[in-house]
Enquirer: 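Pasting a structure here, questions to come.
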Amino acid sequence: MDNFTYHNPVKLIFGKGQIAQVGRDIPKGARVLFAFGGGSIKANGIHAQVVDALGQAGLTFVEFSGIEPNPRYETLMKAVELARAEKLDFILAVGGGSVVDGCKFIAAAIPFEGDCWDIVAKRARLKSAVPLGVVLTLPATGSEMNAFSVVSREETGEKLGFGSPAVMPRFSVLDPESTYSLPPRQLGNGIVDAFVHVLEQYLTQPADAPLQDRLAEAVLATLVEIAPKVMATPPDYQARANLMWCATMALNGLIGQGVPQDWSTHMIGHELTALYGIDHARSLAAVWPGVVAVRREAKRAKLLQFAARVWGLTEGSEDQRIDQAVAKTRAFFESVGVPAGTIAAGIPAEAAQLVSARLSERGGLPLGEDGAIGAAEVRAILEAAA
Ligand SMILES: NC(=O)c1ccc[n+]([C@@H]2O[C@H](COP(=O)([O-])OP(=O)(O)OC[C@H]3O[C@@H](n4cnc5c(N)ncnc54)[C@H](O)[C@@H]3O)[C@@H](O)[C@H]2O)c1
């Protein structure tokens with residue numbers, strides 16, 4: 001196991017009815033930017049619950065709506081201008097990963113001196129950020145309990161990430177009932193996103209870290225177990241609660257401490273989203289089969305462990321077990337409505353060359369836990385991901 005320092009200061013407030021508490025954790029006298037997306041929170045009553053809670057706490061707030069999926073720099077900068085003009089000093093993000101990520105960027109950009117795009121493009125060091133709280137409405141990204149944010153820029157067709165402890169939420173409210181209005185597509189996306197987050201931190205090389213391995217396997221096996229109930233209607237509270245907790249645990253840093261991490265599926269997936277507008281989770285399910293095909297030998301030991309412990313595959317040759325584990329994982333993605341592989345996801349063959357060129361031009365290579373994925377391997381991954 002490698003050395004690590006783990007510090008996660010996010011206060012999680014979990015369970016039914018907890019949105020009513022949201023005002024308690026915002027400093028008294030704060031001027032709040034209440035930011036959200038396209039209006040689903042008005043239809044499902046969460047907007048009213050938040051307004052109520054802020055009012056009860058006597059807080060002044062200004063609303064900003066319209067943060068889109070794969071939040072855009074152009075939109076986020078409008079919120080930055082609003083917050084600067086109105087002297088807002090606390091941000092409340094209410095929505096899914098896009099709103100949370102967008103608000104992390106806004107939080108960093110408000111006090112930033114210089115070109116705010118440098119925050120993502122140059123990973124500029126942040127001296128400070130406006131404090132942020134979250135009401136999560138879509139379990140998927142783990143953004144509610146981590147330091148990362150991914151922002152897209154329409155003008156340049158880029159989708160880039162940054163991370164800083166300065167933008168970790170002060171608190172996140174997770175009410176499983178807020179997921180009841182999610183369409184099946186977003187539930188399936190959430191399950192797959194959380195599953196692949198774990199795979200990025202687990203399906204690498206053995207690192208003598210049995211606790212991290214078993215924590216990762218627990219999240220994976222739980223997602224497999226609960227998926228049918230999560231997708232069922234009417235909504236099952238316990239299944240939604242378990243999904244929320246799994247998605248948070250998948251990417252709050254805990255399972256990845258002291259072990260190698262991959263993230264190549266994500267980096268290639270971000271390019272597919274930037275090029276073709278494909279949902280984040282769908283980009284991951286499209287790319288992942290290619291990563292395991294090309295990286296099979298490097299990942300052999302962990303693929304066998306994954307086959308045995310997550311899918312119960314202990315019979316047959318090593319290669320048969322690995323093939324079956326990959327087939328079961330693909331079938332699992334499909335079972336929640338997320339197409340596996342590039343063909344099913346509608347990604348054109350030209351993507352292999354395009355993505356490889358984009359990543360290499362930007363200096364985004366090599367990828368993978370051992371830095372073995374260069375331009376040729378990116379092409380091979382997308383060609384093998386069919
Ligand atoms: N910060 C991280 O660690 C991290 C990790 C993975 C992905 N991401 C990024 O997060 C973004 C994706 O976030 P996401 O998957 O949470 O989806 P999202 O936030 O983009 O939301 C998807 C859609 O669901 C709608 N929605 C959200 N909550 C709803 C509800 N309760 N009822 C009905 N509709 C609702 C939204 O309005 C939107 O149309 C991508 O940009 C991705 O790159 C970030």
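Side chains are part of it too, since the values below use all heavy atoms of this structure and drop only hydrogens, waters and symmetry mates. Please read these numbers as outputs of a predicted model, since none were measured by experiment. Just follow the structure's listing: the first ligand is 1, and inside any ligand the first atom is 1.
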Enquirer: Look at the aromatic rings of F36 and H47 and report parallel, tilted or perpendicular, splitting at 30° and 60°.
Expert: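 The arrangement is perpendicular - the two ring planes meet at more than 60°.
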Enquirer: Within less than 4.0 angstrom of ligand 1, does G95 place any heavy atom?
Expert: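 Not so, G95 does not reach ligand 1.
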Enquirer: Of the non-hydrogen atoms in T137 and I46, which two are nearest, and what is the gap between them?
Expert: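 It is CG2-CD1, 3.7 Å.
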Enquirer: State, without any angle test, whether N8 and N252 hold a side-chain donor-acceptor pair at a distance under 3.5 Å.
Expert: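 No - no donor-acceptor pair under 3.5 Å links their side chains.
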Enquirer: Write out the residue and atom name of the closest protein heavy atom to atom 10 (O) of ligand 1, then the distance separating them to 0.1 Å.
Expert: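 Its nearest protein heavy-atom neighbour is T141 CG2, 3.4 Å.
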Enquirer: For P183 and ligand 1, does the shortest N/O to N/O distance drop below 3.5 Å?
Expert: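 Min N/O separation from ligand 1 is not below 3.5 Å for P183.
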Enquirer: Counting non-hydrogen protein atoms only, what is the nearest one to atom 37 (O) of ligand 1? Give residue, atom name and distance.
Expert: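 Residue, atom and distance for the closest contact: S40 OG, 4.0 Å.
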Enquirer: Fit a plane to each ring of F105 and Y73, take the angle between them on a 0 to 90° scale, and name the class: parallel (under 30°), tilted (30 to 60°) or perpendicular (over 60°).
Expert: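 The arrangement is perpendicular - the two ring planes meet at more than 60°.
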Enquirer: Counting heavy atoms only, which of R72, Q186, M145 comes nearest to atom 23 (C) of ligand 1?
Expert: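 It is Q186 whose heavy atom sits nearest to atom 23 (C) of ligand 1.
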Enquirer: Checking contacts here: is it the side chain or the backbone of L251 that comes within 4.0 Å of ligand 1, counting heavy atoms only? Could be both or neither.
Expert: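 The side chain, only.
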Enquirer: Between S178 and ligand 1, which residue portion shows a heavy-atom distance shorter than 4.0 Å: side chain, backbone, both, or neither?
Expert: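 It is the backbone that gets close, since no side chain atom is under 4.0 Å.
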Enquirer: For atom 19 (O) of ligand 1, which candidate among S98, G253, G102 provides the closest heavy atom?
Expert: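 The residue whose heavy atom sits nearest atom 19 (O) of ligand 1 is S98.
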Enquirer: Where do E271 and R362 land on the salt bridge (Lys or Arg N to Asp or Glu O under 4.0 Å) test, with the steps shown first?
Expert: CA-CA 11 Å; E271 297 302 319; R362 193 177 323 113; 3.0 Å; yes
Enquirer: Out of N146, L187, T137, V196, whose heavy atom is nearest to atom 27 (C) of ligand 1?
Expert: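 Selected option, by shortest heavy-atom distance: T137.
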Enquirer: With heavy atoms only and a cut-off of under 4.0 Å, state how I46 meets ligand 1: side chain, backbone, both or neither.
Expert: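 The answer is neither.
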Enquirer: Please work out which of the three classes, parallel, tilted or perpendicular, describes the rings of F306 and W311, given edges at 30° and 60°.
Expert: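 Because their plane-to-plane angle is over 60°, the rings of W311 and F306 count as perpendicular.
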Enquirer: Please confirm whether G142 comes within less than 3.5 Å of ligand 1 when only nitrogen or oxygen atoms on both sides are compared.
Expert: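 No: no nitrogen or oxygen of G142 is under 3.5 Å from one in ligand 1.
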Enquirer: May I ask you to check whether D101 has an N/O atom sitting below 3.5 Å from an N/O atom of ligand 1?
Expert: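 N/O-N/O distance under 3.5 Å: yes.
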Enquirer: Side chain or backbone of D193 under 4.0 Å from ligand 1, or both, or neither, by non-hydrogen atoms?
Expert: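 Side chain only.
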Enquirer: Can you check side chain to side chain donor-acceptor pair (under 3.5 Å) on S264 and D262, steps first, answer last?
Expert: CA-CA 6 Å; S264 57; D262 182 348; 2.7 Å; yes
Enquirer: Can you tell me the protein heavy atom closest to atom 38 (C) of ligand 1 and the distance?
Expert: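 Going by distance alone, atom 38 (C) of ligand 1 is nearest to P69 CG, 3.8 Å.
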Enquirer: With a heavy-atom distance limit of 4.0 Å, tell me whether N70 approaches ligand 1 through its side chain, its backbone, both, or neither.
Expert: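 Under 4.0 Å from ligand 1, N70 contributes backbone and side-chain atoms.
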Enquirer: Would atom 25 (C) of ligand 1 count as contacted, meaning some protein heavy atom under 4.0 Å?
Expert: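 Protein heavy atoms within 4.0 Å of atom 25 (C) of ligand 1 - there are none.
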